[in-house]
There are 2 protein chains.
Amino acid sequence: MSMDGQDEPPRAGGGRTRIQERNRAAILEAGLAVFSATGFSGATLDRIASEAKLSKPNLLYYFPSKEAVHMALLTNLLDAWLAPLRALDPEGEPVAEVLAYVRRKLDLSRDFPRESRLFANEVLRGAPHLSGVLEGELAALVEDKAAVLERWMAEGRLARVPPKHLLFSIWALTQHYADFEPQVRAVLGQGHDPFAEAGDYLETLFRRLLAP
Amino acid sequence: MSMDGQDEPPRAGGGRTRIQERNRAAILEAGLAVFSATGFSGATLDRIASEAKLSKPNLLYYFPSKEAVHMALLTNLLDAWLAPLRALDPEGEPVAEVLAYVRRKLDLSRDFPRESRLFANEVLRGAPHLSGVLEGELAALVEDKAAVLERWMAEGRLARVPPKHLLFSIWALTQHYADFEPQVRAVLGQGHDPFAEAGDYLETLFRRLLAP
DNA sequence: CCTTGATTTGACCAGTCGGTCAAAGCCACG
DNA sequence: CGTGGCTTTGACCGACTGGTCAAATCAAGG
């Protein structure tokens, strides 16, 4: 929503103009649309600029390069992406906590499918811009939460499964509905609400898996 | 492994030369490597050609365009991709059949991760070249097998869950280990065999989910 | 109104891309 | 050994891409 981890070319001291705020936001919005739909190499500055209703040189006045737009998007994305896992409460009731995490993650896929695809696109290519964060921030957070899960399992309040693979399965199952949407729609046909059905199904799945 | 669904420019009558066989195979192999690593737009004919140890015009002597190479790969891929589901035996023991399907699909992800990523890349972009097959062949096959699963559930030999979502979850969980490999490695650290662990975990997961 | 800095743009550039083409090499068979 | 068709290639092309730049426009304060 805020804070882009990018060098801002204009303005030496302090605040951004309203016009800067607006244009940077428009560029990020357009970039998200184009990058998530076509991948990094498929996206062109012309297309992003026109989507943002700017000229290409004008876009490059706000971001120094195509890569910079892409990086800003990925950086913004990661906070939102990790938040649900951060919210897993070590003091909560184990099964309920995990199920709540699953739901939050599924809601993210439903409400921000473009972000999900942007992320998938990046990891698919080997995560060239993300490897640092994956091995740093993400790995640390997972280590932390995996310990919580492990404790719950040791206390007999959660069925014993490999904690990290449990997390993988949550990520895989929730992202699938955003990233493979065309396939899901093709298989289900019309008259379905994929995310609503998925919510019920995933609750059943993880409840049965994790019931102590 | 064989049969590419593409117009073959040379040779009017019948058989392909050994040299044609070899070069077409080299191009497809190189194309798979490059497309799966960089996506369609990120791949260049020069790179595919050099990977195949051919000149670019020579590559275009065997395939009429970049798109043609891509299409040939997708076509080849789909047979292999659907085979495990086709092998689901309506006369078999339900839980064992599903678990066998999961294992076959996971083996596919382990042994053919590039194919998995190629497929993911395509669906991520909205499946422009696959929508026909998805809504036709795939949808029909799923309809068929979903009916089998439904029957097993009605007979009380399989826990009752939405059959199509059950299939989604199998696809999501098995493909995840190939498509998000960088993330998996970053989280697990060293000294792990992701696919071996995944095999055990997924067996547990689906056994608990599906036990009648 | 006029200055000053923020903003916007048209023209342009060098590099790369997918693809073409005519000519050259190569190979098997008569 | 020569010939005809398969195979290979260097040179080339037009389109497009990311990015630059100097000049024009705009907005706000004095």
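Note on naming: letters A, B, ... go to the chains in the order of the sequence lines (proteins, then strands), and numbering restarts at 1 for each one.
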Summarise protein proximity over nucleotides 22-30 of chain D in one line of letters, 5' to 3': B for base, S for sugar-phosphate only, - for none, counting protein heavy atoms closer than 4.0 Å. ---------
Which pairs, protein N/O on one side and nucleotides 12-15 of chain C N/O on the other, fall under 3.5 Å?
none

Just say parallel, tilted or perpendicular for the rings of B/Tyr177 and B/Phe195, cut-offs at 30° and 60°. tilted
Crowded around A/Arg185 CZ? As in, over 12 foreign heavy atoms under 6.0 Å?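 Not buried by this count: 12 neighbours or fewer within 6.0 Å.
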Length of the line joining [X]:[atom1] and [N]:[atom2], which is rounded to integer Å:
| X | N | atom1 | atom2 | result |
| --- | --- | --- | --- | --- |
| A/Arg22 | C/dT8 | CZ | C1' | 12 Å |
| B/Ile48 | C/dG19 | CD1 | C1' | 14 Å |
| B/Asn23 | D/dC6 | CG | P | 15 Å |
| A/Gln20 | C/dA6 | CD | P | 9 Å |

Within the structure shown, what part of the strands sits under 4.0 Å from B/Ala43 by heavy-atom distance: base, sugar-phosphate, or nothing?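 Since only primed, P, OP1 and OP2 atoms lie under 4.0 Å of B/Ala43, the category is sugar-phosphate.
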Among the candidates [options], find the nucleotide nearest to the side-chain atoms of [X].
| X | options | value |
| --- | --- | --- |
| B/Ser65 | C/dA6, D/dT17, C/dG19 | C/dG19 |
| A/Tyr62 | C/dT7, C/dC17, C/dG19 | C/dT7 |
| B/Tyr61 | D/dT8, C/dG19, C/dT9 | D/dT8 |
| B/Pro57 | C/dT9, D/dG19, D/dT9 | D/dT9 |
| B/Asn58 | C/dT9, D/dG19, D/dT9 | D/dT9 |

Using a distance-only test with no angle check, is there a side-chain donor-acceptor pair under 3.5 angstrom linking B/His192 and B/Glu197? yes
Pairs in or reaching into residues 48-71 of chain A: which pass salt bridge (Lys or Arg N to Asp or Glu O under 4.0 Å), with residues at least two apart or in two chains?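 Of all non-adjacent pairs touching residues 48-71 of chain A, those that pass salt bridge (Lys or Arg N to Asp or Glu O under 4.0 Å) are A/Asp46-A/Lys56, A/Arg47-A/Glu51.
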Report yes if the side chains of B/His176 and B/Val184 come closer than 4.5 Å at any heavy-atom pair, otherwise no.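 B/His176 reaches B/Val184 side chain to side chain.
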In terms of the nearest nucleotide of DNA chain D, which residue is placed more toward the 5' end: B/Leu54 or A/Lys66? B/Leu54
